[in-house]
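Working notes, structure below.
Residue numbers run from 1 in the order of the sequence given. Order of appearance sets the numbers: ligands from 1, and atoms from 1 within every ligand.
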Amino acid sequence: MKINRNYLNLTENYLFSTVAAKTRTFQAEHPDKTLIKLSIGDVSRPLPAVVVQAMKRACKEMGQTKTFRGYGPELGYPWLRNAIVDFYHTQMQVELETDEIVVSDGAKSDLSNLLDIFDPTANVVMCDPVYPVYWDTNLMLGRTPQLLPATAENNFLPMPDTSIVADIIYLCNPANPTGVCYDRAQLKRWVDFAREHQAVILYDAAYTCFINDPDLPRSIYEIDGARECAIEICSFSKMAGFTGVRCGYTVVPKALKTMDGVSLNQLWRRRQTTKFNGVSYIVQRGAEAVFTPAGRQAVKQNIDYYRRNVRLICQTLERLQWPYVGGMHSPYVWVRCPAEYDAWQFFDKLLVQAGIVCTPGVGFGSAGKNYIRLTGFNSYTNTRRACRRLLDLSKDKI
Ligand SMILES: *Cc1c(COP(=O)(O)O)cnc(C)c1O
């Protein structure tokens, strides 16, 4: 059998399954201990009521002959795409066309599917540490991306330099796992670099809803020239609790063209209409409700809830004097392991001595070998309990 041998280059254990396995083993051996997961990369607040109502209504329509709908438009219903256009217009003063937006079942699929429209030999650049999907999907195609270390020296925000050879540049802003965020001037440098080198930026905006400063751009298209070089990948997952519902969208501007004038917007739409049959009507009605006043209000409440958790984690880290970044515009906090522990050693220590589950930074790349990632996605009660445990832990010497 002739398989895709590139799959054999993937590391065998996906980061989160190793964390889950270690956690399960510990819990089985210590059934009396209550573990608190600060490793969660998933939302925990339920869907906004207005979203649930919209989906219920849509469900009812689907059960009646007159209002039943079969296949929808592959690229998304116009009312949802228009709601997204309005959202960019009113919230970010970014003007998009309906045709520039393609609705999907989430950012993860789009991030990997987008690779279909690029040359297999394209040079790829991404940060280290990085969302593992970017790395693995390129390995599957036989590529070895160039890694830009995000370290304390560059404030965890790698900038373009002459060593970079890139046709495709991944930027996740605010970043998972470090929680840091590029500002306008920094993004401008990336946009200028991409244009100068005929590269495309795949801009993962999954956490844009966590940006807490009106001066920070919430879309790459707030940067001059970005329409000529960037694709923005967005998701309702972290914004509105859609991780289990599945909906996202990707913006491919019509101004994004190759040197010989081929439109990437057309390629992406061709790819999606051929290989994808669209997101369920019920889900798209739920996504549409996110943009209503009640939906926006509920989203804000949920984000504020997670923010309060993150703030508590950051305050605790400050008391412990454990250096960290992130947390300000992100649900993620990137913590330097104290006392020269490596990531898995510190993971084990937090698990065994404090009953806290974190994510070892090394799982996101070798630059994370002395870091762990904590998240604000648990409940406030559990987060508070975990923070107390951290303070207790530090009393007996680490
Ligand atoms: C959670 C997450 C996404 C969202 O993926 P979905 O498939 O839309 O749920 C995208 N990018 C990053 C970096 C994420 O952490």
**Message:** Under a 4.0 angstrom heavy-atom cut-off, which atoms of ligand 1 come close to S235?
**Reply:** 4 (C), 6 (P), 8 (O)
**Request:** Answer yes or no for D204: is there a heavy-atom contact with ligand 1 below 4.0 Å?
**Result:** yes
**Request:** Please work out whether any backbone atom (N, CA, C, O) or any side-chain heavy atom from C-beta onward of C172 is under 4.0 Å from ligand 1, and answer side chain, backbone, both or neither.
**Result:** side chain
**Request:** Let me see the working for F347 and Y341 under ring-ring contact (aromatic ring centres under 6.0 Å, His included), right down to the final yes or no.
**Result:** CA-CA 9 Å; F347 170 91; Y341 281 105; over 10 Å; no
**Message:** If we check side-chain hydrogen bond (donor to acceptor under 3.5 Å, both in side chains) with N113, which of these qualifies: K275, Q272, R271?
**Reply:** R271
**Message:** Suppose I only count heavy atoms of K238 and a 4.0 Å limit; which atoms of ligand 1 are within that range?
**Reply:** 1 (C), 2 (C), 3 (C), 4 (C), 14 (C), 15 (O)
**Asked** Only one of Y332, F377, Y207 forms a ring-ring contact (aromatic ring centres under 6.0 Å, His included) with Y306, so which one is it?
**Response** F377
**Prompt:** Does an N or O anywhere in K108 fall below 3.5 Å from an N or O of ligand 1?
**Reply:** yes
**Asked** Under 3.5 Å between some N or O of ligand 1 and some N or O of Y332?
**Response** no
For residues 251-258, which side-chain N or O atoms pair as donor and acceptor with protein atoms under 3.5 Å away, sequence neighbours left out?
{"residue": "K254", "atom": "NZ", "partner": "E97", "partner atom": "OE1", "Å": "2.8"}
{"residue": "T258", "atom": "OG1", "partner": "D260", "partner atom": "OD1", "Å": "2.5"}
{"residue": "T258", "atom": "OG1", "partner": "G261", "partner atom": "N", "Å": "3.4"}
{"residue": "T258", "atom": "OG1", "partner": "V262", "partner atom": "N", "Å": "2.9"}

**Asked** Do we get R308 above Y380's six-membered ring, with its NZ or CZ under 6.0 Å from the centre and within 45° of the axis?
**Response** yes
**Ionic contact status for K300 with D304, cut-off 4.0 Å** = yes
**Message:** To check your reading of the model: name the closest protein heavy atom to atom 9 (O) of ligand 1, its residue, and the distance in Å.
**Reply:** S237 OG, 2.6 Å
**Under 3.5 Å: N/O of T243 near N/O of ligand 1** = no
**Message:** Within 45 degrees of the ring normal and closer than 6.0 Å to the centroid, is that where the cationic atom of R373 sits relative to F364?
**Reply:** no
**Item:** Six-ring centre of W79, R285 cation under 6.0 angstrom, axis tolerance 45°
**Value:** yes
**Per-atom contacts of ligand 1 with A206, taking only distances under 4.0 Å to non-hydrogen atoms** = 3 (C), 10 (C), 11 (N)
**Message:** So is Y207 touching ligand 1 or not, going by heavy atoms under 4.0 Å?
**Reply:** yes
**Request:** Check the pair F346, W322 against ring-ring contact (aromatic ring centres under 6.0 Å, His included), reporting the backbone distance first and the verdict last.
**Result:** CA-CA 13 Å; F346 197 53; W322 293 356; 5.4 Å; yes
**Message:** Test your reading of the structure: does L111 have an N or O sitting under 3.5 Å from an N or O of ligand 1?
**Reply:** no
**Distance filter under 4.0 Å to G106 heavy atoms, resulting ligand 1 atoms** = 7 (O), 8 (O)
**Message:** Only heavy atoms of R246, strictly under 4.0 Å: list the atoms of ligand 1 that pass.
**Reply:** 6 (P), 7 (O), 8 (O), 9 (O)
